[in-house]
Amino acid sequence: MNPILAWHAAGLAGRIASGPLSGIADIAGQSFLRYAFLAGAAIAAASGLVGYFMVLRSQVFTGDALSHVAFTGALAALAVGADLLIGLYATCVLVALAMAALGTRGHADDTVIGSVLSWLLGLGALFLTIYTTSSTGANGTSGVNVLFGTIFGLSATQAITDSAVTLGVCVAMVVIARPLLFASLDEAVASARRVPVRALGFVYLGLVGVTAAAATQAVGALLLLGLLAAPAGAAQRLTSRPFRALWLSAGLAIFSMWSGLLIAYANPRIPPSFGILSVATGIYLIAILFGGASRRSALAGGPART
Amino acid sequence: MIHITFSWNLVADVRQMLMFRFMVNALRAGTIVAVLAGALGWFMVLRRQAFAGHTLAIVSFPGAAGAILIGASATVGYFAAAVAAALVIAAVPRSLGGRARSGESALIGTVQAFALAAGALFVSLYGGFLNGLTSLLFGSFLGISSSQVVALLVMAVLALAGLAAIGRPLFFASVDPDVAEARGIPVRLLSSLFLVLLGLAAAEVSQITGVLLVFALLVMPAATAQQITVRPALSLALTVLLGLATVWLGLGVAFYSIYPVGFFITTFGFAGYVLAASWQAANGRWRRASGRDATVAVAA
């Protein structure tokens, strides 16, 4: 499916929708919007859960690196003519596991991450050139789509695959949440209590890789970091109770995703990624301004604000 | 059109390359950029602020895209965005224990993602700017004018002078912030000043290498040099030399190839880093230039 056609279709749909009620009917009626909202929710939930631990474990830079890897993986798949999805998932998961292996205790040094990250971006530039110069009819658009996402261009297969995969990530996160939380907060005590700290680090980064690959198609390689970091950062500001923050992070991510999609739907000139990330950033900003001082009482302030 | 072919006569190759005006300007600009990025990157790696550096490098993209959108000069956009982001990141309190640190990384990540989203918006609003977008992201050493080289030089001299002015206390504050604070050094102010300088450098470099590849020049030479030696002055000098070598080699190879210069620069930089790291590992001294070693080396 040509994402650009879908993009124009999205614009047209936005213009047809005049009132809020017909807008909702439109969303339910248009298949690409239905896919965007359903897959978007699943992706956002997984990003929120994964992101909470990423912020807790101070591994946001690793997530940053993985989001760039997603770009290189997708373009490599395009350049050699392989399936985009396979390229994305394989690269993200492999690099995530390599990063877990490079660092001690499943944490990589930020200089190592930085060097690997910039080299992979250089490789991405190479694949972009190979792809745009070798295949006929290709232009820079595919590269741009990978970078900035085409959630309104998801096909039925993509939407179903992404939803299934990210729901799987959600389930896995819920299963490992308790030991992972223990291992993240107090590693020494956790390993003394025979919690498999190192294995958890690997599993966790693997899940980050899968989430990055899935989210790349929705919000783009360059922007998925915001979906990982902003809701989690806001949730951590709003409550100091870990499990409440974990659910809050997922809820804020879904809220940002849907509001962002609605904004982009209402105004077709605004890319959905921008809508999603402005809402997420806005929530984070509010959490910084009001959440820091009185943690307990501020809890109600975040998600209720619509 | 002159046919360009690579021969194994390197002197003739270089002479052929220098016949082209754009290549001379590219080498000049590359040299300026390598020195600037090396010096600031060295402090960035020492202070473990790679993530902040990466974000500062990336925010130039919405800056430039926004400036082009409203019809202003892209150069102004690069600098304004980078300095603004540096101030936002510096505004978050540091050194308040683990919790503040993890909060800081969430903030940096959010700044970065939002900046990129804004860039995507500007590009979408501008429309029909896709070719420019690729060179904005991945850079183009071609088509640098002589006046641009002069502008780069002026900004680089200013930024390096600023770094030289705060260099010694900044080094102290980076290596041992607690002792520096006790000795009355304004650690917080220095940290903010450094971030602003890093932002300026990133904005300057990204005009040449493209937004996505600035970070390579900031992190790789410094990381390589700090693997090789723990002596501060030596590793700083080595950083600049490695940066120069990487840029010159990358430009030279890209001149004879159809592939982008960014790929060659990052690949040479990464190869240097991997070599240095494996040499270090083989020597059984897998220890980074940690602060304490560096202080001892200064005292000696």
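The chains referred to below are lettered A, B, ... by the order of the sequence lines, with proteins before strands, and numbering in each begins at 1.
In this structure, CD on Q59(A) lies 8.0 Å from OG on S184(A), to the nearest 0.5 angstrom. The distance from the CD1 atom of I286(A) to the CZ atom of R237(A) is 13.5 Å, given to the nearest 0.5 Å. Distance check: F194(B) CZ to S174(B) OG gives 7.0 Å after rounding to the nearest 0.5 Å. The structure places CG of L56(B) at 10.5 Å from OG of S206(B), a figure rounded to the nearest 0.5 Å.
In terms of non-hydrogen atom pairs under 4.5 Å with chain A, the most contact-rich of L218(B), L116(B), L217(B) is L116(B). Residue with the most contacts toward chain B among A234(A), A280(A), G114(A): G114(A) (heavy-atom pairs, distance under 4.5 Å). Per-residue heavy-atom pair counts under 4.5 Å with chain B were compared for S115(A), G63(A), G233(A), and the maximum is reached by S115(A). Of the listed residues (Y259(B), F215(B), F114(B)), the one with the most heavy-atom contacts under 4.5 Å to chain A is F114(B). Ranked by heavy-atom pairs shorter than 4.5 Å toward chain A, the options V219(B), V214(B), V274(B), V111(B) are led by V219(B).
Between F270(B) and W119(A), the ring planes are parallel. Angles under 30° get that label, and only those over 60° would be called perpendicular.
In terms of heavy-atom proximity, M99(A) sits nearest to L205(A) at C-CD1, 4.4 Å. Counting all heavy atoms, side chain and backbone alike, S259(A) lies closest to V279(A) at CB-CG2, 3.8 Å.
Heavy-atom distances place no part of L228(A) under 4.5 Å from chain B, backbone and side chain included. At a 4.5 Å heavy-atom cutoff, the contact between I58(B) and chain A is made by side-chain atoms alone. At a 4.5 Å heavy-atom cutoff, the contact between S278(A) and chain B is made by backbone and side-chain atoms alike. Of the atoms belonging to A232(A), not a single heavy atom falls under 4.5 Å from chain B.
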